[in-house]
There are 2 protein chains.
Amino acid sequence: MANYCTNHEWKGRADCAHCGIRQLMLFSGLPESGFTELLQPIDNHLYSAGASLYEEGVRGQTVYSIRRGLLKLLYRTPDGSQRIVRLHGKGITIGLELLDANVAYHHTAVAVEDVDACAIPLATLKNLQARFPSLCDKVRQQLQQQVDRADQWIKDLNTGVAWSRVARLLLLLRELGADRNGDIELLPREDMAAVVGVTTETASRIVADFKRRGLLLKVTGNTYRCNAQQLDQLLTETGVSTG
Amino acid sequence: MANYCTNHEWKGRADCAHCGIRQLMLFSGLPESGFTELLQPIDNHLYSAGASLYEEGVRGQTVYSIRRGLLKLLYRTPDGSQRIVRLHGKGITIGLELLDANVAYHHTAVAVEDVDACAIPLATLKNLQARFPSLCDKVRQQLQQQVDRADQWIKDLNTGVAWSRVARLLLLLRELGADRNGDIELLPREDMAAVVGVTTETASRIVADFKRRGLLLKVTGNTYRCNAQQLDQLLTETGVSTG
DNA sequence: CGGTAAATTGACTGCTCTCAATTTACGTGG
DNA sequence: CCACGTAAATTGAGAGCAGTCAATTTACCG
């Protein structure tokens, strides 16, 4: 099982007005003046891979806006393993379920690579939302996007035979986390398995097979170049059943 | 494959102010005056089982608030079958993805039993939302609920061996559609299969087995009494694997 | 260079799919 | 009300995919 420590580093007070990726973030579109009189400060945190941002069932008071890195939303299963229901990267705000009164986080959020996130106090969000109705629409868009991703997750990563699910996961990783060369960091096999709903061994066999077939080429360390075109072709050619 | 006709009946102008289940609906909490000067009327429709409310990819202008009945949200697969990603009943509003400018419906929505729904023109919703900021929160809650259901769907209905998925589906049907006796209408096996991601034959075998073991008792026609307690017990006793 | 965790692989079992046949349910016309 | 036709559900047999358990190899860290 993975290590669910909560190691993270405080990176300082966030400077939303000058955020480099502001156009992506929850607060895009708000006038800069909105940030001068915040009830509570927004802090910038760095979570190293394996660190958890929050735990399912905890009555938190913070939502997180992801600036960089990839994290997983998961449920713990009775047998101590995990079921991953979402992967999120830059631009996504998680923990919005807290906007419903008196609820706890619905998932556990764990960084799968180093994550840079802004911790927004719930009170601040509510305050800003009351002052700037346009923020309401931003929140709606965030949730809509998360519904969409959940549905795609079901359709693409939880349908069909195992190898096709893994193939689609690789393509998703390319969308979410590809560097400028289009190369991706492979997830630990245990995580891949928890994404697509198979055993770790099965995930490993499929990845190893993709490597042998040249669909995945090692670049350095855990970085691989994946032949997206060929993967796509495999997925469309083969009438992939529900297997 | 199921029959995707669009047979439905116009039930007349909706009377939101006196809606019997208003407290559940999208417009709960709005002052009655809000409904007197609607730009466009809200109509009440009756969709018979098998009728589709809307189709994936269509640029519609209507969201639907479900008053009664059960419907499925699905994707069509390349081979002509369906992958069901959600079941929704009373109190849910679907089609909210249209609130994002210039998008089409994300799924196909098909009634699995007779459905009574209010067709709300997008313009009306936007208009009311501008006038009553509290509606914004209602929309958020709707979307949050749909995220939650999608995540539960992944965890409960798309994880583990086939029989446990079907068992959980039966329990879900009890929550969504049980009559006052706690009895449920079984879905067609093809639909069950499209929910849990197995073949129709496998779904059928499992249901038949549940019947033989007395976990499902025929009441009348397609109405069955399901022994929820025993199903729960089976699910918790057995360390159900990812199989 | 050892030690530990992760990844891979092997052997075997068992579950689910496939393809096909049968049975059952149900609506229609007689 | 019954015979019939069609669709749905069930069942069977066999093949193949994925799970289980265990061993081995590889990667990584100090």
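Throughout, protein chains are lettered first and strands after them, A, B, ... in sequence-line order, and every chain is numbered starting at 1.
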For atom [atom1] of [X] and atom [atom2] of [N], their distance in whole Å:
X: Arg189(A); N: dA18(D); atom1: CZ; atom2: C1'; answer: 18 Å
X: Glu190(B); N: dT10(D); atom1: CD; atom2: P; answer: 14 Å
X: Leu186(B); N: dA25(C); atom1: CG; atom2: P; answer: 13 Å
X: Lys218(B); N: dA8(D); atom1: NZ; atom2: P; answer: 16 Å
X: Met192(A); N: dA6(C); atom1: CE; atom2: P; answer: 14 Å

Do His106(A) and Asp151(B) have side-chain N/O donor and acceptor atoms under 3.5 Å apart? no
Between the side chains of Gln152(A) and Asp148(A), is a donor N or O closer than 3.5 angstrom to an acceptor N or O? no
Looking at dA22(D), dT10(D), dC19(C), which one has an atom nearest to any side-chain atom of Glu201(A)? dA22(D)
Check for a donor-acceptor pair, side chain of [X] on one end and backbone N or O of [Y] on the other, with a separation under 3.5 Å.
X: Asn44(B); Y: Asp116(B); value: no
X: Gln82(B); Y: Leu73(B); value: no
X: Thr220(B); Y: Thr223(B); value: no

Would Asp209(A) and Arg213(A) pass as an ion pair if we require N to O under 4.0 Å? yes
With each end axis built from five pairs of C1' atoms, what bend angle do you get for the helix from dC1(C)-dG30(D) to dG30(C)-dC1(D)? Round to 10°. 40°
Can you tell me how the ring of Tyr105(A) sits relative to the ring of Tyr54(A), calling it parallel under 30°, perpendicular over 60° and tilted otherwise? parallel
Please list, by residue number, the residues of residues 203-216 of chain A whose heavy atoms come closer than 4.0 Å to an atom of DNA chain C; answer none if no residue qualifies. Ser204(A), Arg205(A), Ala208(A), Lys211(A), Arg212(A)
Distance check: side-chain N/O of Thr202(B) vs OP1/OP2 of dC17(C), anything under 4.0 Å? yes
Please name the pair of heavy atoms, one in His107(B) and one in Val85(B), separated by the smallest distance, quoted to 0.1 Å. CD2-CG2, 3.7 Å
